[in-house]
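Shown next, in structure tokens, is the structure this report addresses.
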Amino acid sequence: MTTVLEDGIPEVNEQETTTIRNLVNGGLVDAIDGGWGESINPATGRVHARYPESGAEDVDRAVSAAVEAFPNWSGLPVRERSAHLRRLADLIDSNRDRLARLESIDQGKTLAQATDIEIPRAASNFRFFAGAVEGAPSELHQMDGQAINYTLRRPRGVAGCISPWNLPLYLLTWKIAPALATGNTVVAKPSEVTPATAGVLAELAIEAGLPPGVLNIVHGAGSTVGQRIVEHPDVPTVTFTGSTAVGRRISEVAGPMFKRISLELGGKNPVIVCEDADLDAAMDDIVRSSFANQGEICLCGSRILVHRSRLAEFMDIFLQRVRGLRVGDPLSPESDLGAIVSREHLEKIESYVQLAVDEGGKIACGGTRPSALPERCSDGFFFEPTVVLGLPQACRTNQEEIFGPVVSVQGYDTHAEAVTKANDVPYGLACCIYTRDLARAHRMAARIDAGIVWINCWMVRDLRTPFGGWKSSGVGREGGQDALRFFTEPTNVCLNLE
Ligand code: NAD
């Protein structure tokens with residue numbers, strides 16, 4: 001149990017180091033060559049965990065185990081597979097506080113974000129796909145008394161699931177759950193930057209009684225472990241969430257091997273505020289969509305487009321709200337923003353803020369590391385929520401993904417201009433539109449090149465809906481039936497009736 005100190009911060013033993021192991025063939029194991037990598041707590045800058053620095057041979061063993069487990073697992077009745085997933089979901093729920101604390105320490109996110117949103121969502125991912133596969137519709141096409149076609153869907157074999165550091169357990173389980181529910185076996189690779197909660201998931205999978213080899217988790221670098229999963233001939237399916245640059249490399253390897261790939265990549269999401277927007281109602285959302293999880297959510301809005309008639313009013317209210325956000329110890333209930341995931345990422349964010357200034361932007365607030373932090377966090381990686389004004393559409397700051405607590409605000413005069421600006425980036429993941437005129441909202445939504453358009457809301461997620469991006473934001477869709485289709489191979493059976 002975690003002791004809670006007077007100021008509400010769970011007690012942290014700074015000397016404590018968590019050891020994470022791979023899950024291969026039902027056992028917790030070290031890397032074959034015995035190497036270890038270190039995971040840094042971004043709030044303190046100190047090592048808090050070590051993980052197996054695995055290599056290609058570790059992946060090969062995991063793939064062999066997954067291949068061996070496939071016939072039995074895919075042959076189980078659906079309700080039995082779903083029962084396994086529900087047990088795992090229950091174990092995630094009963095370990096919520098432990099997982100949330102570890103996620104916060106590993107990633108820098110606030111404890112509240114991990115406890116209230118991300119860990120419960122990891123459990124929901126398993127529960128949702130356990131139910132979705134049980135209720136999956138079947139397809140039958142009749143041909144006027146001549147023939148009946150029905151479509152069989154079978155699991156594809158071993159699925160490679162590769163995930164990023166921003167929502168570690170949430171996104172890893174979003175891939176593992178549908179893969180397992182549909183009868184595939186899995187070799188998963190969490191980000192080496194945030195391996196901790198995947199280490200606990202491995203323990204919980206054993207406790208849930210998942211048969212050996214059904215779920216394997218291999219830790220290590222993308223260029224070794226990730227690369228080997230993608231190029232392994234016995235892994236026909238790869239689902240990847242991460243940067244557009246790595247997604248491109250994965251396509252280059254997997255394409256000529258005719259693998260099925262799903263790529264969930266970067267974003268540069270617009271938030272459109274129309275002249276009739278209810279700013280009081282919208283402001284909570286816009287502040288959250290800009291700075292939740294330090295802006296390290298692929299769905300965060302990073303370009304706010306405001307109708308020029310409301311720009312001054314919007315800026316007054318928005319800046320007042322942003323200046324009130326508290327950056328601090330991720331474990332403190334007082335903090336609205338925690339730490340940036342790594343020193344390297346903090347430096348990348350800083351270089352983009354410098355670029356924004358060089359490109360002629362005005363820093364309306366933030367733009368620096370915070371001056372006052374608790375002693376425990378003095379070597380941590382923190383950045384103030386930052387708002388930039390006055391940049392042209394075409395500049396790099398408005399075109400490239402920063403993936404941090406930095407938003408750029410631009411004005412527009414017509415709705416056509418707002419839509420053009422919204423679409424005029426290489427990405428197309430998500431968009432928000434704030435207006436009281438729903439007919440206009442529908443018209444605009446139909447012209448936005450993005451996988452999700454939210455009208456008067458942000459981050460409302462129904463797991464049945466297709467999730468994914470246009471253009472450089474990705475290939476394919478996750479969620480609901482799209483995920484069940486992705487992880488299965490159809491065979492049409494045609495029965496002659498004549
Ligand atoms: P990243 O691309 O650097 O790494 C993602 C994963 O890929 C990690 O596990 C990494 O080890 C692995 N990897 C690296 N090189 C590899 C290779 N050659 N072969 C196979 N695997 C390899 O991304 P990141 O920095 O961890 O995450 C941030 C990015 O993820 C941002 O661009 C963000 O927009 C994106 N993201 C997208 C979504 C979405 O749903 N579209 C969700 C979350 C994050």
Side-chain angles (χ1 to χ4, degrees), residues 37 39 51 53-56 59 106-109 118 121 125 160-175 187-195 198 217-232 235 238-254 257 259 261-269 292-302 340-342 344-346 348-349 352 400-404 425-430 450-452 459 461 463 465-479 482-483:
S39 183
Y51 63 86
E53 188 69 86
S54 313
V59 174
D106 206 27
Q107 204 276 339
K109 63 182 72 267
E118 297 187 22
R121 170 61 190 274
N125 287 339
C161 301
I162 303 174
S163 59
W165 49 251
N166 62 323
L167 308 174
L169 194 67
Y170 173 129
L171 287 176
L172 187 68
T173 54
W174 178 236
K175 296 177 175 304
V187 177
K189 191 204 109 49
S191 170
E192 63 275 36
V193 182
T194 53
I217 301 177
V218 184
H219 293 273
S223 55
T224 48
V225 174
Q227 177 85 15
R228 181 60 187 154
I229 291 173
V230 175
E231 68 191 15
H232 198 298
V235 180
V238 175
T239 166
F240 169 83
T241 299
S243 61
T244 297
V246 173
R248 189 169 289 117
R249 290 189 56 190
I250 290 176
S251 324
E252 285 163 6
V253 176
M257 297 176 82
K259 294 194 176 204
I261 54 172
S262 162
L263 304 172
E264 301 293 342
L265 310 176
K268 191 73 183 173
N269 306 316
N293 205 42
Q294 302 70 248
E296 296 165 335
I297 299 180
C298 57
L299 299 168
C300 277
S302 51
I340 301 298
V341 72
S342 65
E344 188 191 14
H345 195 55
L346 173 62
K348 175 186 156 185
I349 292 166
Y352 267 105
E400 297 177 13
E401 185 183 49
I402 301 173
F403 212 51
V425 288
Y427 299 101
L429 193 55
I452 300 180
M459 207 61 183
R461 290 279 294 115
L463 304 190
T465 58
F467 178 88
W470 289 43
K471 303 186 279 185
S472 297
S473 289
V475 174
R477 292 293 180 272
E478 299 184 330
D482 289 273

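As a basis for the values below, the full set of heavy atoms in this structure was taken, side chains included, without hydrogen atoms, waters or symmetry mates. Atoms within each ligand, like the ligands themselves, are counted from 1 in listed order.
Closest protein heavy atom to atom 37 (C) of ligand 1: Leu265 O, 3.1 Å. Nearest protein heavy-atom contact of atom 2 (O) of ligand 1 is Ser243 OG, 2.6 Å. Protein heavy atom closest to atom 27 (O) of ligand 1, with residue, atom name and distance, is Pro164 CB, 3.3 Å. Of the protein's non-hydrogen atoms, Gly226 C, 3.2 Å is the one closest to atom 20 (C) of ligand 1. If you check which protein heavy atom lies closest to atom 8 (C) of ligand 1, you get Ser163 O, 3.3 Å.
Residue Glu192 has at least one nitrogen or oxygen atom sitting less than 3.5 Å from a nitrogen or oxygen atom of ligand 1, judged on distance alone. The N/O atoms of Glu401, backbone and side chain alike, include one that comes under 3.5 Å of an N/O atom in ligand 1.
Taking all heavy atoms of Gly242, Ala221, Gly266 into account, the minimum distance to atom 35 (C) of ligand 1 is reached by Gly242. Of the candidates Ile229, Thr241, Leu429, Asn166, Thr241 brings a heavy atom nearest to atom 5 (C) of ligand 1. The heavy atom nearest to atom 13 (N) of ligand 1, considering only Ala430, Ser342, Gly222, is found in Gly222.
The shortest distance between side-chain heavy atoms of Ile349 and Ile340 falls below 4.5 Å.
Every atom of ligand 1 with a heavy atom of Val246 under 4.0 Å away is listed here by number and element: 2 (O), 13 (N), 14 (C), 15 (N), 16 (C), 17 (C), 22 (C).
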